[in-house]
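Just so we're on the same page: letters track the sequence lines, and every chain starts at 1. Basis for what follows: all heavy atoms, side chains included, without hydrogens, waters or symmetry-related copies.
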There are 2 protein chains.
Amino acid sequence: MCAEYATRPREQIAQILRSERRYLSAAEVFQALQRARARVSLSTVYRTLDRLRAKGEASSRIDEQGEATYVICTTSHHHHAICRVCGHVEEVACDPMERFTEALKAYHGFELDAHAMEFFGRCARCR
Amino acid sequence: MCAEYATRPREQIAQILRSERRYLSAAEVFQALQRARARVSLSTVYRTLDRLRAKGEASSRIDEQGEATYVICTTSHHHHAICRVCGHVEEVACDPMERFTEALKAYHGFELDAHAMEFFGRCARCR
DNA sequence: TATAATTTGCGAATCATTGGCAGAACCATG
DNA sequence: CATGGTTCTGCCAATGATTCGCAAATTATA
(Lines give C-alpha, C1' and ligand atoms only; values in the text may rest on other atoms or scores of the structure.)
Protein backbone atom coordinates (compact mmCIF):
# COMPACT_ATOMS: atom_id res chain seq x y z
CA MET A 1 0.00 0.00 0.00
CA CYS A 2 1.04 3.57 -0.69
CA ALA A 3 3.51 2.66 -3.42
CA GLU A 4 4.36 5.06 -6.18
CA TYR A 5 3.79 4.53 -9.87
CA ALA A 6 6.00 5.88 -12.62
CA THR A 7 3.52 7.02 -15.23
CA ARG A 8 3.68 8.58 -18.62
CA PRO A 9 1.95 11.88 -17.73
CA ARG A 10 4.27 12.45 -14.77
CA GLU A 11 7.34 11.87 -16.87
CA GLN A 12 6.06 14.20 -19.59
CA ILE A 13 5.36 16.96 -17.09
CA ALA A 14 8.76 16.61 -15.43
CA GLN A 15 10.37 16.67 -18.86
CA ILE A 16 8.86 20.03 -19.64
CA LEU A 17 9.95 21.51 -16.31
CA ARG A 18 13.47 20.20 -16.82
CA SER A 19 13.80 21.63 -20.30
CA GLU A 20 12.54 25.10 -19.34
CA ARG A 21 14.56 26.51 -16.47
CA ARG A 22 11.98 29.12 -15.52
CA TYR A 23 8.79 29.42 -13.47
CA LEU A 24 5.80 27.96 -15.31
CA SER A 25 2.14 28.03 -14.35
CA ALA A 26 -0.06 24.95 -14.56
CA ALA A 27 -1.70 26.43 -17.65
CA GLU A 28 1.69 26.98 -19.33
CA VAL A 29 2.75 23.42 -18.61
CA PHE A 30 -0.57 22.22 -20.00
CA GLN A 31 -0.08 24.23 -23.21
CA ALA A 32 3.44 22.89 -23.60
CA LEU A 33 2.07 19.35 -23.25
CA GLN A 34 -0.45 20.00 -25.99
CA ARG A 35 2.23 21.38 -28.29
CA ALA A 36 4.17 18.16 -27.67
CA ARG A 37 1.06 16.13 -28.59
CA ALA A 38 0.95 14.69 -25.07
CA ARG A 39 -2.61 14.04 -23.90
CA VAL A 40 -2.55 14.94 -20.21
CA SER A 41 -5.41 16.60 -18.41
CA LEU A 42 -5.12 19.90 -16.58
CA SER A 43 -6.11 18.16 -13.35
CA THR A 44 -3.13 15.86 -13.65
CA VAL A 45 -0.87 18.83 -14.26
CA TYR A 46 -2.08 20.47 -11.06
CA ARG A 47 -1.69 17.25 -9.08
CA THR A 48 1.74 16.47 -10.44
CA LEU A 49 3.13 19.97 -9.88
CA ASP A 50 1.92 19.94 -6.30
CA ARG A 51 3.41 16.50 -5.82
CA LEU A 52 6.80 17.64 -7.12
CA ARG A 53 6.75 20.54 -4.72
CA ALA A 54 5.80 18.31 -1.79
CA LYS A 55 8.74 16.03 -2.63
CA GLY A 56 11.08 19.02 -2.76
CA GLU A 57 11.91 18.45 -6.41
CA ALA A 58 10.33 21.70 -7.48
CA SER A 59 9.76 25.02 -5.81
CA SER A 60 6.79 27.26 -6.36
CA ARG A 61 6.04 30.92 -6.23
CA ILE A 62 2.94 33.05 -6.75
CA ASP A 63 3.44 35.43 -9.66
CA GLU A 64 2.14 38.99 -10.02
CA GLN A 65 -1.26 37.80 -11.22
CA GLY A 66 -1.66 35.47 -8.27
CA GLU A 67 -1.04 32.28 -10.22
CA ALA A 68 1.07 29.48 -8.80
CA THR A 69 4.21 28.79 -10.82
CA TYR A 70 6.79 26.01 -10.55
CA VAL A 71 10.43 25.39 -11.39
CA ILE A 72 12.66 22.34 -10.98
CA CYS A 73 15.37 22.68 -8.28
CA THR A 74 18.76 21.00 -8.33
CA THR A 75 20.46 22.18 -5.13
CA SER A 76 18.93 21.97 -1.66
CA HIS A 77 18.83 25.26 0.25
CA HIS A 78 19.08 28.26 -2.01
CA HIS A 79 17.24 31.21 -3.51
CA HIS A 80 16.25 32.29 -6.97
CA ALA A 81 17.53 35.09 -9.17
CA ILE A 82 14.85 35.59 -11.82
CA CYS A 83 15.70 37.26 -15.14
CA ARG A 84 13.18 39.96 -16.04
CA VAL A 85 13.85 39.43 -19.73
CA CYS A 86 13.77 35.68 -20.33
CA GLY A 87 12.52 34.37 -16.99
CA HIS A 88 15.62 32.23 -16.51
CA VAL A 89 16.06 31.10 -12.91
CA GLU A 90 19.51 31.11 -11.37
CA GLU A 91 20.01 29.25 -8.10
CA VAL A 92 21.89 31.27 -5.51
CA ALA A 93 23.48 29.88 -2.35
CA CYS A 94 22.86 31.82 0.85
CA ASP A 95 25.93 31.28 3.04
CA PRO A 96 26.06 34.92 4.22
CA MET A 97 22.80 34.45 6.09
CA GLU A 98 24.42 33.37 9.34
CA ARG A 99 25.82 36.80 10.02
CA PHE A 100 22.54 38.40 9.09
CA THR A 101 20.71 36.09 11.48
CA GLU A 102 22.88 37.26 14.35
CA ALA A 103 22.29 40.91 13.53
CA LEU A 104 18.55 40.38 13.33
CA LYS A 105 18.52 38.88 16.78
CA ALA A 106 20.76 41.51 18.32
CA TYR A 107 18.97 44.43 16.76
CA HIS A 108 15.31 43.41 16.63
CA GLY A 109 15.25 40.57 19.16
CA PHE A 110 13.93 38.44 16.33
CA GLU A 111 14.94 34.78 16.23
CA LEU A 112 15.08 33.63 12.64
CA ASP A 113 14.20 30.11 11.63
CA ALA A 114 13.35 30.42 7.95
CA HIS A 115 13.65 32.89 5.13
CA ALA A 116 12.57 33.37 1.54
CA MET A 117 14.21 35.61 -1.03
CA GLU A 118 13.69 36.48 -4.64
CA PHE A 119 16.03 38.50 -6.80
CA PHE A 120 15.02 40.17 -10.04
CA GLY A 121 17.27 41.50 -12.77
CA ARG A 122 18.94 40.43 -16.00
CA CYS A 123 20.79 37.16 -16.35
CA ALA A 124 24.24 36.88 -17.91
CA ARG A 125 22.87 36.14 -21.36
CA CYS A 126 20.30 38.94 -21.39
CA ARG A 127 22.71 41.66 -20.33
CA MET B 1 -11.04 65.74 -11.72
CA CYS B 2 -9.24 62.90 -10.10
CA ALA B 3 -9.43 64.35 -6.61
CA GLU B 4 -9.45 62.13 -3.56
CA TYR B 5 -12.17 61.87 -0.96
CA ALA B 6 -11.57 61.15 2.71
CA THR B 7 -14.36 58.74 3.55
CA ARG B 8 -15.51 56.88 6.59
CA PRO B 9 -14.98 53.36 5.22
CA ARG B 10 -11.40 54.16 4.20
CA GLU B 11 -10.58 55.57 7.59
CA GLN B 12 -12.10 52.56 9.33
CA ILE B 13 -10.11 50.15 7.20
CA ALA B 14 -6.84 52.03 7.74
CA GLN B 15 -7.56 52.10 11.46
CA ILE B 16 -7.75 48.34 11.62
CA LEU B 17 -4.53 47.91 9.67
CA ARG B 18 -2.75 50.38 11.92
CA SER B 19 -3.88 48.73 15.12
CA GLU B 20 -2.88 45.22 14.01
CA ARG B 21 0.73 45.15 12.96
CA ARG B 22 0.44 41.90 11.03
CA TYR B 23 -0.61 40.67 7.59
CA LEU B 24 -4.41 40.56 7.25
CA SER B 25 -6.51 39.20 4.41
CA ALA B 26 -9.46 41.12 2.98
CA ALA B 27 -11.79 38.70 4.75
CA GLU B 28 -10.04 39.27 8.08
CA VAL B 29 -10.28 43.03 7.71
CA PHE B 30 -13.95 42.62 6.82
CA GLN B 31 -14.58 40.54 9.95
CA ALA B 32 -12.76 43.07 12.12
CA LEU B 33 -14.97 45.79 10.65
CA GLN B 34 -18.09 43.84 11.56
CA ARG B 35 -16.85 43.28 15.09
CA ALA B 36 -16.39 47.06 15.32
CA ARG B 37 -19.97 47.56 14.10
CA ALA B 38 -18.69 49.34 10.98
CA ARG B 39 -20.88 48.69 7.96
CA VAL B 40 -18.42 48.43 5.07
CA SER B 41 -18.84 46.07 2.13
CA LEU B 42 -16.28 43.44 1.19
CA SER B 43 -15.88 45.12 -2.21
CA THR B 44 -14.80 48.33 -0.54
CA VAL B 45 -12.31 46.40 1.57
CA TYR B 46 -10.74 44.91 -1.55
CA ARG B 47 -10.64 48.27 -3.32
CA THR B 48 -9.22 50.12 -0.34
CA LEU B 49 -6.50 47.56 0.38
CA ASP B 50 -5.39 47.65 -3.24
CA ARG B 51 -5.42 51.43 -3.17
CA LEU B 52 -3.21 51.52 -0.06
CA ARG B 53 -0.75 49.19 -1.73
CA ALA B 54 -0.70 51.29 -4.91
CA LYS B 55 0.07 54.38 -2.84
CA GLY B 56 2.88 52.54 -1.07
CA GLU B 57 1.23 52.87 2.33
CA ALA B 58 0.78 49.13 2.68
CA SER B 59 2.60 46.13 1.36
CA SER B 60 1.02 42.86 0.40
CA ARG B 61 2.02 39.24 0.29
CA ILE B 62 0.33 36.03 -0.77
CA ASP B 63 0.01 33.65 2.16
CA GLU B 64 0.31 29.85 2.14
CA GLN B 65 -3.29 29.42 1.04
CA GLY B 66 -2.87 31.80 -1.85
CA GLU B 67 -4.79 34.67 -0.28
CA ALA B 68 -3.60 38.25 -0.58
CA THR B 69 -2.72 39.82 2.77
CA TYR B 70 -1.80 43.39 3.68
CA VAL B 71 0.15 45.25 6.35
CA ILE B 72 0.78 48.97 6.94
CA CYS B 73 4.38 50.10 6.27
CA THR B 74 6.16 52.95 7.98
CA THR B 75 9.64 52.97 6.43
CA SER B 76 10.38 53.03 2.71
CA HIS B 77 12.68 50.28 1.47
CA HIS B 78 12.80 47.35 3.84
CA HIS B 79 11.80 43.74 4.37
CA HIS B 80 9.60 41.89 6.79
CA ALA B 81 10.40 39.55 9.64
CA ILE B 82 7.16 37.69 10.37
CA CYS B 83 6.60 36.06 13.75
CA ARG B 84 5.34 32.49 13.41
CA VAL B 85 3.55 32.73 16.74
CA CYS B 86 1.66 36.02 16.75
CA GLY B 87 2.09 37.17 13.16
CA HIS B 88 3.76 40.40 14.25
CA VAL B 89 5.64 42.09 11.41
CA GLU B 90 9.02 43.66 12.09
CA GLU B 91 10.46 45.98 9.45
CA VAL B 92 14.10 45.24 8.63
CA ALA B 93 16.45 47.55 6.75
CA CYS B 94 18.56 45.97 4.03
CA ASP B 95 21.80 47.95 3.89
CA PRO B 96 23.98 44.86 3.47
CA MET B 97 22.51 44.23 0.04
CA GLU B 98 25.11 46.26 -1.85
CA ARG B 99 27.86 43.79 -1.17
CA PHE B 100 25.56 40.92 -2.06
CA THR B 101 24.67 42.58 -5.35
CA GLU B 102 28.32 42.73 -6.33
CA ALA B 103 28.89 39.09 -5.49
CA LEU B 104 25.86 38.05 -7.50
CA LYS B 105 27.18 39.85 -10.55
CA ALA B 106 30.72 38.52 -10.20
CA TYR B 107 29.70 34.95 -9.53
CA HIS B 108 26.57 34.41 -11.62
CA GLY B 109 26.82 37.28 -14.09
CA PHE B 110 23.43 38.35 -12.81
CA GLU B 111 22.65 42.06 -12.64
CA LEU B 112 20.28 42.70 -9.77
CA ASP B 113 17.69 45.45 -9.91
CA ALA B 114 15.13 44.36 -7.33
CA HIS B 115 14.73 41.88 -4.53
CA ALA B 116 12.12 40.58 -2.14
CA MET B 117 12.75 38.86 1.16
CA GLU B 118 10.71 37.42 3.94
CA PHE B 119 12.00 36.20 7.28
CA PHE B 120 10.11 33.84 9.57
CA GLY B 121 10.76 33.15 13.22
CA ARG B 122 9.74 34.35 16.68
CA CYS B 123 9.58 38.00 17.60
CA ALA B 124 11.13 39.40 20.79
CA ARG B 125 7.88 39.08 22.74
CA CYS B 126 7.12 35.51 21.68
CA ARG B 127 10.56 34.13 22.50
C1' DT C 1 -3.16 -12.78 -17.84
C1' DA C 2 -5.49 -11.77 -13.27
C1' DT C 3 -5.52 -8.85 -9.30
C1' DA C 4 -5.06 -5.07 -6.27
C1' DA C 5 -3.33 -0.53 -5.74
C1' DT C 6 -2.65 3.83 -7.79
C1' DT C 7 -3.45 7.37 -11.16
C1' DT C 8 -6.08 9.71 -14.59
C1' DG C 9 -9.76 12.34 -16.92
C1' DC C 10 -13.88 14.55 -16.83
C1' DG C 11 -17.12 17.67 -15.15
C1' DA C 12 -18.98 19.92 -11.36
C1' DA C 13 -18.06 22.63 -7.27
C1' DT C 14 -15.41 26.04 -4.66
C1' DC C 15 -13.86 30.34 -3.47
C1' DA C 16 -11.16 34.59 -3.63
C1' DT C 17 -11.28 38.43 -6.48
C1' DT C 18 -13.09 41.67 -10.03
C1' DG C 19 -16.57 44.28 -12.85
C1' DG C 20 -20.78 46.90 -13.84
C1' DC C 21 -23.89 50.05 -12.42
C1' DA C 22 -27.30 52.72 -9.74
C1' DG C 23 -27.53 55.28 -5.70
C1' DA C 24 -25.07 57.58 -1.73
C1' DA C 25 -21.41 60.41 0.07
C1' DC C 26 -18.22 64.13 -0.47
C1' DC C 27 -16.80 68.88 -1.08
C1' DA C 28 -15.99 73.29 -3.53
C1' DT C 29 -18.78 76.91 -4.81
C1' DG C 30 -22.48 80.35 -4.97
C1' DC D 1 -26.89 75.88 3.54
C1' DA D 2 -28.58 74.43 -1.09
C1' DT D 3 -26.46 72.86 -5.67
C1' DG D 4 -23.98 70.06 -8.81
C1' DG D 5 -20.25 67.52 -10.51
C1' DT D 6 -17.05 64.12 -9.02
C1' DT D 7 -15.79 60.21 -6.44
C1' DC D 8 -17.07 56.32 -3.52
C1' DT D 9 -19.92 52.50 -2.02
C1' DG D 10 -22.94 48.45 -2.02
C1' DC D 11 -24.99 44.94 -4.29
C1' DC D 12 -24.76 41.14 -7.17
C1' DA D 13 -23.29 38.78 -11.08
C1' DA D 14 -19.17 37.14 -13.55
C1' DT D 15 -14.58 35.43 -13.72
C1' DG D 16 -10.96 32.25 -13.37
C1' DA D 17 -7.65 29.45 -11.00
C1' DT D 18 -7.76 25.48 -8.22
C1' DT D 19 -9.90 21.41 -5.99
C1' DC D 20 -13.11 17.41 -5.55
C1' DG D 21 -15.62 13.11 -6.52
C1' DC D 22 -15.83 9.17 -8.89
C1' DA D 23 -15.71 5.80 -12.66
C1' DA D 24 -12.47 4.13 -16.00
C1' DA D 25 -7.69 3.41 -17.26
C1' DT D 26 -2.98 2.37 -16.02
C1' DT D 27 0.68 0.25 -13.37
C1' DA D 28 3.16 -3.26 -10.76
C1' DT D 29 3.35 -7.90 -9.29
C1' DA D 30 2.51 -12.68 -9.21
Side-chain angles (χ1 to χ4, degrees), chain A residues 1-18 20 22-71 87, chain B residues 1-18 20 22-71 87:
Chain A
M1 67 318 222
C2 229
E4 193 159 282
Y5 291 175
T7 68
R8 197 127 178 280
R10 285 181 181 171
E11 183 45 41
Q12 290 171 317
I13 291 168
Q15 189 105 102
I16 284 168
L17 281 183
R18 274 193 296 268
E20 308 251 351
R22 59 195 185 84
Y23 279 101
L24 296 176
S25 67
E28 287 173 319
V29 171
F30 183 65
Q31 286 158 19
L33 285 166
Q34 297 194 307
R35 275 196 299 276
R37 300 278 187 282
R39 295 213 221 94
V40 179
S41 75
L42 186 54
S43 297
T44 298
V45 173
Y46 273 108
R47 283 187 287 234
T48 303
L49 290 177
D50 189 61
R51 185 169 155 283
L52 287 171
R53 187 186 45 70
K55 289 172 63 179
E57 296 179 15
S59 79
S60 67
R61 70 179 289 268
I62 308 290
D63 70 10
E64 306 73 41
Q65 291 125 62
E67 288 184 57
T69 58
Y70 298 80
V71 72
Chain B
M1 69 312 223
C2 228
E4 193 159 279
Y5 292 174
T7 68
R8 195 126 179 282
R10 286 181 181 172
E11 182 45 40
Q12 291 172 316
I13 291 168
Q15 188 106 100
I16 284 168
L17 282 182
R18 275 193 297 266
E20 309 251 349
R22 60 199 185 83
Y23 279 101
L24 296 176
S25 67
E28 286 173 319
V29 171
F30 184 64
Q31 286 158 19
L33 286 167
Q34 297 194 307
R35 275 195 299 276
R37 299 279 186 282
R39 294 214 221 91
V40 179
S41 74
L42 187 54
S43 296
T44 297
V45 173
Y46 274 108
R47 284 187 286 234
T48 302
L49 290 177
D50 189 61
R51 184 168 155 282
L52 286 171
R53 187 184 45 68
K55 289 174 61 182
E57 295 179 15
S59 80
S60 68
R61 71 179 289 269
I62 308 289
D63 70 10
E64 307 72 42
Q65 292 125 63
E67 288 183 56
T69 57
Y70 298 80
V71 73

Report yes if at least one side-chain N or O of B/T44 is closer than 4.0 Å to OP1 or OP2 of D/dG10; otherwise report no. yes

Quick test of your reading of the model: are A/R18 and A/E57 salt-bridged, counting only N-O distances below 4.0 Å? no

Under 4.0 Å between any heavy atoms, over every strand shown, what does B/A27 touch: base, sugar-phosphate, or nothing? Just pick one. nothing

Without decimals, in angstroms, what is the distance between B/R39 CZ and C/dA24 C1'? 14 Å

Can you see if the side chain of A/S43 gets near the phosphate of D/dT19 - specifically, an N or O under 4.0 Å from OP1 or OP2? no

Atom CG of B/D50 and atom P of D/dT9: how far apart are they, to the nearest Å? 13 Å

Base C/dG19 paired with B/R47 side chain (donor-acceptor, <3.5 Å): no

D/dC8 phosphate, OP1 or OP2: any side-chain N/O from B/R10 under 4.0 angstrom? yes

By nearest atom, which of the nucleotides C/dG20, D/dC8, D/dT18 is closest to the A/A26 side chain? D/dT18

B/R51 CZ to C/dT17 C1': how many Å, rounded? 19 Å

Donor-acceptor pair, B/R61 side chain versus B/V71 backbone, under 3.5 Å? no

Return no unless some side-chain N or O of B/Y46 is found under 4.0 Å from OP1 or OP2 of C/dT18. no

Check whether the side chain of A/Y5 and the base of C/dA5 form a donor-acceptor pair under 3.5 Å. yes

Expressed as a whole number of angstroms, how long is the span from A/E64:CD to C/dT17:C1'? 17 Å

Please state how far atom CG in B/L42 lies from atom C1' in D/dA13, giving the value in whole angstrom units. 14 Å

Could you state the CG-P distance from B/L33 to D/dT9, rounded to the nearest angstrom? 12 Å

Check the distance between D/dA17's P and A/Q31's CD and give it to me in whole angstrom. 10 Å

Assign each of B/P9 and B/T69 the nucleotide of DNA chain C bearing its closest heavy atom; nearer the 5' end lies the nucleotide of B/T69

OP1, OP2 of D/dT26 versus side-chain N and O of A/R8: anything below 4.0 Å? no

Without decimals, in angstroms, what is the distance between A/F30 CZ and D/dA17 P? 12 Å

Among D/dT18, C/dT7, C/dG9, which is the nearest nucleotide to the side chain of A/E4? C/dT7

Side-chain heavy atoms of B/E4 within contact of B/K55, under 4.5 Å: yes

Could B/D50 and B/R53 be called an ion pair, given the rule that one side-chain N must be under 4.0 Å from one carboxylate O? yes

Are the side chain of B/R10 and the backbone of B/Y5 linked by a donor-acceptor contact shorter than 3.5 Å? yes

